[in-house]
Amino acid sequence: MKKQLMIVIYIVLMFIGANAGLFVSEPAAQGNGQLVIPDEAIRLRILANSDSEQDQALKRLIRDEVNKEITIWVQELTSIEAAREEIVSRLDEINRIVEEVLERENSMQDYHVEFGNVDFPTKLYGKFLYPAGEYEAILITLGEGNGANWWCVLFPPLCFLDFSNGEAVDSSDENVEPVVEEEEEPVQEDEEPKVKFFIVELFTSLFS
């Protein structure tokens, strides 16, 4: 009887350990996977000429070409100083990329490429609030620059996210606070009954 009891305890402990990830690992990973732009970052911002479909499409084409190139430049860099030096030394190449896209699309728009401190509005991206302010960035202005903008973070590379889709909020609103709340993972109610059922069946089979 003692031997059977020890076998049961061992199997139950093994079962609980193997399934611990069902209850712990996913919420923990979610907490550690939160995305916050570091203080030392370099952004890319592109202002479209207008909100017309054609101008916005042109903005996206330029975005894709510029981002594809810059991502290669900074992917191996580990410091913002090195990233800044690399980007500044290649501003002529960025100008060339913009010009080539405009020519390919038969666009007569003027454009301007600059690097420095650029004004950014307050953005709410999901549950993350990015306050307004001046941030180090490459700014590409197309035509009059009156259209909706697109921006991302070049270094560290976060351009897989389109921050321009975030919801704009009023930075003068005193009720808006840059607080990030963790979203709770819904409880998987069906897991605990399965464990209990397994244990009952195990005891039944061993002691019957």
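This chain uses plain numbering: 1 for the first residue, then up along the sequence. In this text, all values refer to a predicted model and were calculated from it rather than measured experimentally.
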Visitor: Going through the distances and angles, do Arg104 and Glu100 end up as a salt bridge (Lys or Arg N to Asp or Glu O under 4.0 Å)?
Guide: CA-CA 6 Å; Arg104 188 180 69 211; Glu100 288 178 352; over 6 Å; no
Visitor: Got a second to check how far Tyr135's OH is from Asp119's CG, nearest 0.5 Å?
Guide: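 The distance works out to 10.5 Å.
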Visitor: Has the side chain of Ser107 got a donor or acceptor atom that lies under 3.5 Å from a matching backbone atom of Leu102?
Guide: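 Checking the backbone N and O of Leu102 against the side chain of Ser107, no donor-acceptor pair under 3.5 Å is found.
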Visitor: Can you confirm whether Thr71 sits close enough to Leu154 that some side-chain heavy atom of one is under 4.5 Å from a side-chain heavy atom of the other?
Guide: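 A side-chain contact under 4.5 Å is absent here.
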Visitor: Are more than 12 heavy atoms, taken from residues, nucleotides or ligands other than Glu53, located less than 6.0 Å from that residue's CD atom?
Guide: no
Visitor: Is there a side-chain contact (heavy atoms from CB on, under 4.5 Å) between Ile97 and Glu69? Walk through the geometry before answering.
Guide: CA-CA 9 Å; Ile97 293 170; Glu69 194 69 25; 3.7 Å; yes
Visitor: Which heavy atom in Val74 sits nearest to a heavy atom in Ala83, and how many Å separate them?
Guide: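 For Val74 versus Ala83, the nearest heavy atoms are CG1-CB, 4.5 Å.
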Visitor: Please check: side-chain N/O of Asn149 versus main-chain N/O of Ile46, any donor-acceptor pairing under 3.5 Å?
Guide: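 The answer is no, because no donor-acceptor pair under 3.5 Å joins these two groups.
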Visitor: State plainly whether the residues Lys68 and Glu65 are in salt-bridge range, i.e. N to O under 4.0 Å.
Guide: yes
Visitor: Under a 4.5 Å cut-off applied to non-hydrogen side-chain atoms, are Asp110 and Asn49 in contact?
Guide: no
Visitor: Using side-chain contact (heavy atoms from CB on, under 4.5 Å), reason through Tyr111 and Asn95 one step at a time and then give a plain yes or no.
Guide: CA-CA 9 Å; Tyr111 70 93; Asn95 273 279; 3.3 Å; yes
Visitor: In sequence, state the C-alpha distance, the side-chain angles, and the governing distance for Cys152 and Leu44, and then conclude on side-chain contact (heavy atoms from CB on, under 4.5 Å).
Guide: CA-CA 6 Å; Cys152 71; Leu44 168 64; 4.2 Å; yes
Visitor: Pick one: which of Arg60, Gln54, Lys59 meets side-chain hydrogen bond (donor to acceptor under 3.5 Å, both in side chains) with Gln56?
Guide: Lys59
Visitor: Around Glu85, counting heavy atoms of other residues, nucleotides and ligands shown, do more than 12 lie under 6.0 Å from its CD?
Guide: no
Visitor: Before accepting this row, confirm whether a basic side-chain N of the pair Arg43/Glu136 lies closer than 4.0 Å to the acidic partner's carboxylate O.
Guide: no
Visitor: Less than 4.5 Å apart, any side-chain heavy atom of Phe155 and any of Val153?
Guide: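 Side-chain contact under 4.5 Å: no.
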Visitor: Taking the cut-offs as 6.0 angstrom to the six-membered ring centre and 45 degrees off its axis, would you call Arg45 and Trp151 a cation-pi pair?
Guide: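 So Arg45 doesn't make the cation-pi contact.
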Visitor: Mind checking the CD1-CG spacing from Ile42 to Leu77? Nearest 0.5 Å is all I need.
Guide: 9.0 Å
Visitor: Run through Thr141, Asp55, Val98 and flag the one making a side-chain contact (heavy atoms from CB on, under 4.5 Å) with Gln109.
Guide: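 Going through Thr141, Asp55, Val98 one by one, the side-chain contact (heavy atoms from CB on, under 4.5 Å) with Gln109 is satisfied by Asp55 alone.
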